[in-house]
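First comes the structure, then the notes that go with it.
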Amino acid sequence: EAEGMIEAEMRRVAVVGMGALASALLASSLYRHYRGYRRRLKRKILIMKLHQSITKMSKALDLLRRRTERLKTTNELRWKGAMDRLDNVKQALASISPQLARRMLRQGVVVAAIRGLLWERALGGENPLRSGKASGKDGEQGDEKRLRELAAWGEGSEAERKYLHTIHADLPRTFPTIPEFKLGGRSLVRLELVLRAYAATDEQIRYVQGMNSVAGLACIAADSDVQAFSITSKVMRHPFYSHRDVFGEGKRKGSLGFPLACQLGWMLDRLMEKYHPRLSEHLNELLANFGCKKGIFSGDNVAYMALKWFLTIFASVLPPPISLRIYDQFIADGHVAALRVAMLTLRDIEGEWLEIPAGDPKMLTPRLWFNVEDNGMPSDELRPFWRNTDPSIIARQAALAPPSVDEFNELRKRYVLEQCAVEEKLKE
């Protein structure tokens with residue numbers, strides 16, 4: 001009986017254990033299914049959210065695309081309208097008189113887009129590439145063809161090849177900080193074209209170092225190769241400017257040459273004596289200590305101190321943004337503008353130079369007249385006046401600086417009379 005009770009109890013326990021195990025297995029299975037369901041539900045929710053986000057992003061991108069297209073269309077219309085207005089302005093400027101163009105340049109009424117056209121109108125004169133009466137597109141095509149023919153110069157005689165070698169040597173030295181003047185740049189290609197074409201037309205001078213800076217600014221300002229050549233040629237040959245004289249040879253054997261530069265240097269010394277007498281006396285004392293003649297810019301001294309100023313009208317001394325403004329004044333008023341910029345330099349440097357002992361050769365370092373001193377040597381950094389002053393303000397100050405046009409003409413007459421007197425003495 002006891003064994004039967006034990007066996008019955010064991011069966012009951014076994015049944016209960018089996019039930020508990022079944023319950024545990026069922027619970028485990030249900031939990032696994034529940035966890036799977038939760039994961040599937042989370043993925044489904046995540047996919048739905050992603051789908052919603054993608055849908056919103058797609059709508060936003062579509063809206064952005066439509067707005068971009070409208071903006072592009074609007075900008076294209078605005079750009080076309082601006083270009084049309086610019087064309088209308090250029091057409092109006094193409095017929096103005098040289099006097100009006102010079103007045104606009106003198107007053108600073110100039111922006112980069114019309115600078116080349118204003119320069120060309122202010123220079124006046126005939127088209128240097130056109131001998132016939134062709135006009136319009138036929139004339140423009142003829143000008144371009146004639147320019148290309150002239151630019152083929154330099155491949156002939158040995159003398160021509162020497163000039164061409166000098167041109168090629170100076171090309172990479174022209175405004176090297178401007179991307180357009182780096183190897184293969186648009187302006188560098190235009191500059192070579194202009195220099196070779198001009199050398200072909202000027203049999204007396206051909207090419208002299210410094211012309212590259214003058215023609216380089218014309219290439220920056222001009223809208224086309226033909227316009228760049230026209231500006232360069234007129235600056236060199238127009239009677240009012242005759243800038244080619246600055247590159248010419250001297251009349252007397254053994255003279256320095258650069259006759260116009262010597263004239264401008266002599267005039268600058270006279271102006272310094274009048275407007276900056278203390279500085280003039282101080283610099284002459286320095287020259288006396290070195291056994292040199294008076295006049296730091298006169299005679300042979302100009303070759304050392306200011307030749308670059310007058311050969312390039314400061315284009316090789318000051319950066320293009322300033323040089324372009326100076327050339328606006330130069331084309332408006334001629335070489336009097338070069339003397340006015342030189343007078344600004346004297347005004348800027350006077351106080352500093354007067355504090356330096358007369359025996360200090362530092363004042364005979366040309367670069368220090370425009371560049372700051374760095375560890376005893378001139379650096380590439382401009383002096384504060386040229387670095388911190390807006391180019392348009394520099395141009396306005398230069399326009400107000402001495403000499404006046406009348407004073408300039410009077411000094412030029414005095415110089416001519418003095419040179420005639422020297423010639424007479426030499427003949428005696």
- Task: Before giving the answer on salt bridge (Lys or Arg N to Asp or Glu O under 4.0 Å), spell out for Lys59 and Asp62 the whole-Å C-alpha distance, their side-chain angles and the decisive distance to 0.1 Å.
- Result: CA-CA 5 Å; Lys59 290 180 179 179; Asp62 186 57; over 6 Å; no
- Determine, stepwise, if the pair Arg237 / Glu126 fulfils salt bridge (Lys or Arg N to Asp or Glu O under 4.0 Å). CA-CA 11 Å; Arg237 293 176 175 274; Glu126 298 294 329; over 6 Å; no
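Counting heavy atoms from C-beta on, the side chains of Leu63 and Arg67 come closer than 4.5 Å. Annotation: side chain of Pro384 is in contact with side chain of Arg387 (closest heavy-atom distance under 4.5 Å). Side chains of Leu324 and Trp119 form a contact here, defined as non-hydrogen atoms less than 4.5 Å apart. Contact annotation: the side chain of Tyr415 never approaches that of Leu411 to less than 4.5 Å [non-hydrogen atoms, C-beta and beyond]. Looking at heavy atoms from C-beta onward, Met377 lies out of side-chain contact with Arg367 at the 4.5 angstrom threshold. Considering only heavy atoms from C-beta on, Leu118 comes within 4.5 Å of Ile96 through its side chain. Between Leu123 and Val235, the closest side-chain pair of non-hydrogen atoms falls below 4.5 Å. Considering only heavy atoms from C-beta on, Ile349 stays 4.5 Å or farther from Phe385 through its side chain.
In this structure, Phe314 has its ring center no closer than 6.0 Å to that of Phe330.
Under 3.5 Å, the side chains of Arg85 and Asn88 contain no donor-acceptor pair of N or O atoms. Side-chain N/O atoms of Asp390 and Ser392 include a donor and acceptor closer than 3.5 Å.
When Arg103, Arg396, Arg115 are each tested for a salt bridge (charged side-chain N to carboxylate O under 4.0 Å, His left out) with Asp328, only one passes: Arg115. Put simply, the residue from Trp369, Tyr304, Phe310 that forms a ring-ring contact (aromatic ring centres under 6.0 Å, His included) with Phe297 is Trp369.
Taking NE2 of His168 as the reference point, atom CG of Leu195 lies at 9.5 Å (rounded to 0.5 Å). One distance of note links CG of Leu318 with CG of Asn371; it measures 8.5 Å at 0.5 Å rounding. Here Met211 contributes atom CE and Leu191 contributes atom CG; the two are 12.5 Å apart, rounded to the nearest 0.5 Å. Taking CG of Asp170 as the reference point, atom CD of Gln209 lies at 4.5 Å (rounded to 0.5 Å). Expressed to the nearest 0.5 Å, how far CG of Leu193 lies from CG of Leu188 amounts to 11.5 Å.
One finds no salt bridge joining Lys294 and Asp269 here, because no Lys/Arg side-chain nitrogen approaches an Asp/Glu carboxylate oxygen to under 4.0 Å.
Checked against salt bridge (charged side-chain N to carboxylate O under 4.0 Å, His left out), Glu350 has no partners two or more places apart in sequence or in another chain.
A cation-pi arrangement, defined by a distance under 6.0 Å to the six-membered ring centre and an angle within 45 degrees of its axis, is present between Arg102 and Phe240.
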